[in-house]
Structures are given as structure tokens and as C-alpha cells.
Amino acid sequence: QAAARALGSERRARMLEVGGLSREQLLEYLRQHPSLDRLLASSRGRPEDLDELLESLPRDTDALLLQRMQALDVTARRALQALAVLGRPTSPDLVAGVVGAPVSDVAHALGQLVELRILARRLQNGELMFGFVRPHHQEVIAHHLAENERAALHHAVAVALEARGHDPADPLLAFHFLLGNQPQRGVRSALAACERLLLTFAYGTAVDLATRALPGASPEDRFELLGHLVEAQRLRGELRAALAAAEEMRALADDKRRPHVLRRIGELLAARGDHRAALDALEEALGALAALPDESEALPERALVLAA
């Protein structure tokens, strides 16, 4: 609203209020609508028949969509649910891989859904893709899935993508595995994806992905994920959150990795302006380095600590 007001103050800007029809506007709209003639013919002009027809209407379009879904055969219904979880236009062979049905059966079901105007088909890079005519329908179907059904579908999507040779560093693969019923399978993909996301400045997505992956990670993977989380939060300017993740790393770190973690904590504290605490962390890092048996391995980290 603040952005709209700011834009509205510009001389060349025009403000258009977008909302639903008023009662008067609705009556005017229905007066011109061809369905009015159908309603008149179906009720034969009798008020009691008209009331009966109107009372049979579902409470809203969400209920109407779910009612239409119940009338579909199993393959079509599962295809819709798979597309809702996928959340983007998809080819018939991927949908078939998710629902575990022959491609021919799924393609036929998708064609029927196009005829029902629930889905639309389009060509994308020479491949036939199917997606929802109304994006809201995708949200409604996904929302009304039982939690275990939704998790099973997410896992099925990830397995189907993996079987097609999908890039293991693509955040999409990690996302579906992590939301599935075997989230631990997505941890390694999340690690690879976080590295790429940090390089492409997608820090918010890296934070989300690393946070999702932490509960199912082994201690070693958790340490790596926390490292990505520290870096992503630092680059976002969220120094408090970065420090919290670095302190978790400190609790997991062995003697060899503790100096590195302490240096990062010192750098984060310095960036926040807490120089006394930063010096304490860096001095602790030097002490931890001095305790390492192999001095040659400690030299590079010692140089970084002294520079900090």
C-alpha cells in the first residue's frame, strides 16, 4: 500500500482499484451473460425450480474444483495432484513417472483435463507441457492434499527427476526430496545446491534450503550446511543469524576445524562492531591453532586469523 501511494503521487501515474463486483455490477453482468438463458430454460421460469438449482451450487469455486476432481478417474486425479505438487508446467512423461502410470494413460488423462478446461497445453522448447489454466487451482489442490500424500508426491517427484538425470545441484531436486517422506535423501543435493546458490547471489534461497536440510543431516553434513548458512546470512546482512549458525558450528567442530570456526565468529563480531568480543574469539583461535600437533597445517589458518 505504501508503494502504491508513492507511485500514485507521480504525475504520470494512474491508480486503478481492482476488486470484485458490487451487487449492482453483478446484476448487470448476469443480465448480459449467456448462462442466464440456460438458467431460465433449466428452471422453466418457475421460482421454486430456480431456487433448487441455485441451492445446489457449491459454496465457492474451490469446493466446485474439488467436487469436479472427485468425479475424475484415478489416473486423472493423480495427475492433477502431481501437477499441483510440481507447481509448474510439466511434460506427460514426468507426470507419468511421478504417479507410476503408463505415459499413454497419463497423456490421455491430461488431454481430458484440457477438454474440461482445468489444464492447458503449450509448447515449451519443442516439448508439450501441461499446466493449470488458473494458478489458483494448483494452490487449492496442493492445500487439500493430506500431509502424508503431499510428502509422498514430493518424494516421487524427486525420484522421477533423479531418474531422468536431473542436475543433482539443482535446488529443485533438493527441495522436493526435503519436502518428501525421506528428507535425508535431499541433504547432499541441498549441500551442492547451496554452493551454487551462493555463487549466483541467491542468498535467501540458500538460507531456506540449508535450514530445511538441517533436521535430517548427519553431524558432518550439518557442519557443512551451517557453514553455507553462515555465509548466506552474512551476505544478506543478517549478522545476528550468521553468528547463531556459527556458534552451532563451534559446538560441532573438532580440534582441527575449531580455529576456522572461531575466526569466522571473530570476523562476524567485528562486522557487528563488537571488537572486544571479536578479539577474544581470534585469540582463542590462535590458542587452538597452537595446540594442533601439525604446525604446517596450521600456518594458513594462522595467517588468516592474524589478518582478521
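Note that the coordinates shown come from a computational prediction; the quantities given were computed from them, not determined experimentally.
By the side-chain contact (heavy atoms from CB on, under 4.5 Å) test, Asp208 is found to be paired with Arg212, residues two or more places apart in sequence or in another chain being considered. Annotation: salt bridge (charged side-chain N to carboxylate O under 4.0 Å, His left out) contacts of Asp51 (sequence neighbours excluded): none. Not a single salt bridge (charged side-chain N to carboxylate O under 4.0 Å, His left out) links Asp60 to another residue, sequence neighbours left out. Residues that satisfy the side-chain contact (heavy atoms from CB on, under 4.5 Å) test with His108, not counting sequence neighbours, are Gln112. Under the rule for a side-chain contact (heavy atoms from CB on, under 4.5 Å), the partners of Glu149 that lie at least two apart in sequence or sit in another chain are Leu145, Ala146. Ser104 pairs by the side-chain contact (heavy atoms from CB on, under 4.5 Å) definition with Pro102, not counting sequence neighbours. His33 meets the ring pair (Phe, Tyr, Trp, His ring centres under 6.0 Å) test with Tyr29; sequence neighbours excluded. By the ring pair (Phe, Tyr, Trp, His ring centres under 6.0 Å) test, Phe177 is found to be paired with His155, residues two or more places apart in sequence or in another chain being considered.
One finds the CG atom of Asp221 at 10.0 Å from the CG atom of Leu214 (value rounded to the nearest 0.5 Å). Residue Leu198 holds its CG atom at 7.5 Å from OH of Tyr203, rounded to the nearest 0.5 Å. Atom CD in Gln184 sits 13.5 Å away from atom CZ in Arg188 (nearest 0.5 Å). For the atom pair Leu239 CG and Glu267 CD, the distance stands at 12.0 Å (nearest 0.5 Å). A distance of 13.5 Å separates CG in Leu72 from CZ in Arg78, rounded to the nearest 0.5 Å. Atoms CG and CG, on Leu269 and Asp274 in that order, are 5.5 Å from each other to the nearest 0.5 Å.
The backbone N or O of Leu39 lies less than 3.5 Å from no partner atom in the side chain of Ser42, so there is not a single donor-acceptor pair. In this structure, Ser189 contributes its side chain and Gly186 its backbone to no donor-acceptor pair below 3.5 Å. Using a distance-only test at 3.5 Å, with no hydrogens or angles considered, no donor-acceptor pair links the side chain of Thr61 to the main chain of Leu64. With hydrogens and angles ignored, the 3.5 Å screen pairs no side-chain donor or acceptor of Ser35 with any backbone N or O of Arg38.
Residues Val159 and Val85 are members of one and the same hydrophobic cluster, defined by side-chain heavy-atom contacts under 4.5 angstrom among Ile, Leu, Val, Met, Phe, Trp and Tyr. By the rule that hydrophobic residues join a cluster once side-chain heavy atoms approach within less than 4.5 Å of another member, Leu243 and Leu252 end up as members of one cluster. Leu226 is connected to Ile265 through a chain of hydrophobic side-chain contacts under 4.5 Å among Ile, Leu, Val, Met, Phe, Trp and Tyr, so both are in one cluster. Leu116 and Leu80 fall within a single hydrophobic cluster, where Ile, Leu, Val, Met, Phe, Trp and Tyr side chains are chained together by heavy-atom contacts under 4.5 Å. The same ILVMFWY cluster, assembled from side-chain heavy atoms under 4.5 Å apart, contains both Leu66 and Leu83.
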For this session: Please assess Leu110 against Leu119 for the test side chain to side chain contact (heavy atoms under 4.5 Å, CB included), listing each intermediate value before the final yes or no.
Result: CA-CA 7 Å; Leu110 293 174; Leu119 299 182; 3.6 Å; yes
For this session: Run the numbers on Arg150 and Gln81 for side chain to side chain contact (heavy atoms under 4.5 Å, CB included), then give the verdict.
Result: CA-CA 9 Å; Arg150 191 183 304 113; Gln81 292 170 338; over 6 Å; no
For this session: Would you sort out whether Glu162 and His176 count as a side chain to side chain contact (heavy atoms under 4.5 Å, CB included), showing the intermediate values?
Result: CA-CA 11 Å; Glu162 198 173 50; His176 283 296; over 6 Å; no
Exercise. Are Glu48 and Leu53 close enough, and set up right, to give a side chain to side chain contact (heavy atoms under 4.5 Å, CB included), and what steps lead you there?
Worked result: CA-CA 9 Å; Glu48 61 272 19; Leu53 286 170; over 6 Å; no
Problem set entry | Criterion salt bridge (Lys or Arg N to Asp or Glu O under 4.0 Å) on Arg276 and Asp280, from CA distance to verdict | CA-CA 6 Å; Arg276 181 65 264 171; Asp280 289 343; 3.1 Å; yes
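Closest heavy-atom contact between Val207 and Ala232: CG2-CB, 3.6 Å. Closest non-hydrogen pair, Ser43 versus Leu50, comes out as CB-N, 3.7 Å. The minimum heavy-atom distance linking Asp170 with Ala193 is given by the pair C-CB, 4.3 Å. Looking at every heavy atom in both residues, Leu229 comes nearest to Ala210 through CD1-CB, 4.2 Å. Contact record, Leu173 with Ala158: CD1-O, 3.4 Å, taken as the closest heavy-atom pair. Shown here for Ala174 and Ala190, the closest heavy-atom pair between the two residues is CB-N, 3.6 Å.
Considering only heavy atoms from C-beta on, Gln182 stays 4.5 Å or farther from His154 through its side chain. When side chains are defined from C-beta on, Val98 counts as touching Leu153, because their heavy atoms get closer than 4.5 Å.
Crowding of Arg117 atom CZ: a count of heavy atoms from other residues, nucleotides or ligands under 6.0 Å not exceeding 12. Atom CD of Gln25 is surrounded by more than 12 heavy atoms from other residues, nucleotides or ligands within 6.0 Å.
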In residues 121-142, what donor-acceptor pairs under 3.5 Å come from side-chain atoms, sequence neighbours left out?
unit_1: His136; atom_1: NE2; unit_2: Asp62; atom_2: OD1; d: 2.8
unit_1: Gln138; atom_1: NE2; unit_2: Ala84; atom_2: O; d: 2.7

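Comment: Arg164 engages Asp93 in a salt bridge, judged by a side-chain N to carboxylate O separation of less than 4.0 angstrom. Ionic pairing of Arg222 and Glu248 is present here: one or more N-O contacts between side-chain nitrogen and carboxylate oxygen are shorter than 4.0 angstrom. Ion pair Arg257/Glu220 flagged as a salt bridge, since at least one NZ, NE, NH1 or NH2 atom sits closer than 4.0 Å to an Asp/Glu carboxylate oxygen. Salt-bridge check for Glu231 with Arg264: passed, with a basic side-chain N closer than 4.0 Å to an acidic carboxylate O. A salt bridge does not link Glu28 to Arg23: none of the charged side-chain nitrogens sits closer than 4.0 Å to a carboxylate oxygen.
Residues Arg263 and His260 bring a donor and an acceptor atom of their side chains to less than 3.5 Å of each other.
The ring-ring contact (aromatic ring centres under 6.0 Å, His included) analysis of residues 269-291, with sequence neighbours excluded, yields no pairs. Residues in residues 221-253 take part in no ring-ring contact (aromatic ring centres under 6.0 Å, His included) pair, two or more places apart or across chains. Identified under the side-chain hydrogen bond (donor to acceptor under 3.5 Å, both in side chains) test for residues 64-76, with sequence neighbours left out: none.
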